[in-house]
Amino acid sequence: MDRGGGAWWQHGIFYQIYPRSFQDSNADGVGDIAGIIERLPYLQALGVDAIWLSPIFPSPMADFGYDISDYTGIDPLFGTSEDFDALMSAAHAAGLKVILDLVPNHTSDRHPWFIEARSSRDNPKRDWYLWRDPKPDGSAPNNWLSEFGGSAWTLDDATGQYYYHAFLAQQPDLNWRNPQVREAIHEVMRFWLRKGVDGFRVDVIWHLIKDAEFRDNPPNPFYREGRPPHEKILTQYSTDQPEVHEVVAGMRRVIDEFDDRVLIGEIYLPFERLVAYYGNDLRGAQMPFNFALLSTLWSARSVEKIIADYEAALPKGAWPNWVLGNHDRPRVASRVGAAQARVAAMLLLTLRGTPTLYYGDEIGMHQVAIAPDQVRDPFEKNVPGIGVGRDGCRTPMQWDATPYAGFSAAKPWLPLADDFRHENVVNLDADAQSILHLYKALIQLKKQLPQLQSGDYVPVAAEGDLLLYRRASDGGAATIVLNLGAEPLSIESDAAGLAGEILLSTLMDRNGERIGDRLDLRADEGVIIGAPAGQAE
Ligand code: GLC
């Protein structure tokens, strides 16, 4: 059965850029839009189809751009509106779509809307945010906790009420029950869509609506010491409320006012709740991000279970997607190890659905240890010492072996990885067997083989370190055999139904090898098997 996948965002490969860390063009140690333009040829050569930019809008940078003070401007740190327009034209001319980060759950506390709202209890914008009276003893209205530590409520002394913030006190939550808020953000979306942006990744979309009565959240019976403090309570009343789906459908209607755009949602929820974000009749987000690979145990059984559970949970016609890294989670090369990072790449690019790559993962960038005096992330500053810091996955892209890795002519805002002199784009490009070339080869193969694009996912085996599955379509099957361990593996070809030739090995040295009676995989090796080039099965 062919399951389609005709839209650009279904056959495209997405690449997340964290603009602060991609390329600096003006020697201030922070990446910018002109820098991204310079690097478009690299992205074209890599073969990706769409770039998603973390926020580039004016911001006091309390949460590095996720605290927006003007939704339709560009922060001078990143450039000007003209720079943005130039990026749009250059990206589109290079065949790359551009996705922006929409942060509608909260604004900066310096956003004019919040400045007005907090100015008095009867200000017309008061109800654009979430205000509550203190309890009789003066304490916060309920027990909700900020994801970045402490209470989620901050008292505004001047007006005597608390406002709610799921994240920092500098990030007050908007009131999405207020129709004016919905309309204002819809207008923001239209502003960028008219400029030609191809869609949005919507920040914390499952947070948008809170319980109308602001009931206390229940305690989390599974809380473990050493985990972030906000996990002590569940988010039963503060996130994922039934009414959120109307809000998502409203955003989708705006997306659909324009041709061929995409709505992607950031959502950390179990599959059965995640898939509700596709919406009734699939009129919600086209791609609610599937983050399951970010936290899985790296074993064949666990990974296979995730794939099977996700495939089973998907509503009919819903298009899947997979993510291996982002700016909030430790890098894949550190989660699974450098050798397995290649296997993870093969997994990401052979599963059914749209893959999103995180900048630098294609060169195997690892988590960088950040000294206490170099910490920038507010989460780490508020909740130090238990490993929540996100700076380590946001370090500058490693382009070459020059003093600042070709990222900047000045000292970067975050330290560079200590191995950047070897592990950089220039060096890896010169090595035909590097992880960079593996990524390129995987991307090309995904584009060439219809079964990798639209074939069904067929599980075959998940035992010990062996993960084996097929992608089958009318035109034939590709078989993916992954060794998730550091010991060699040997499989009987007949029993596993292996025939054809190796189209690609993660070690990049046995393409074209015919499959005999046995398939021997080396430590940390994965292969894709299919019909020989130019021959249908
Ligand atoms: C999202 C972003 C994260 C940010 C948070 C608050 O989870 O990915 O970086 O800190 O929202 O906006």
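Order of listing sets the numbers, starting from 1, for every ligand and every atom in it.
- Sparse packing is recorded around CZ of R224, with 12 or fewer heavy atoms of other residues, nucleotides or ligands lying under 6.0 Å away.
- For residues 356-393, every residue pair satisfying the ring-ring contact (aromatic ring centres under 6.0 Å, His included) rule, not counting sequence neighbours, is listed here: F148-F379.
- A heavy-atom cutoff of 4.0 Å around ligand 1 is satisfied by the protein residues D63, Y66, H106, F148, F167, Q171, R201, D203, V204, E266, H327, D328, R390, R394.
- In this structure, the side chains of P19 and I36 come closer than 4.5 Å at one or more pairs of heavy atoms.
- Salt-bridge annotation for E257 and R252: absent, with no side-chain N of the basic residue lying under 4.0 Å from a carboxylate O of the acidic one.
- The side-chain contact (heavy atoms from CB on, under 4.5 Å) with R376 is formed by just one residue from the set R390, R394, R20; it is R20.
- The cationic atom of R126 (NZ for Lys, CZ for Arg) lies less than 6.0 Å from the six-membered ring centre of W131 and within 45° of the ring axis.
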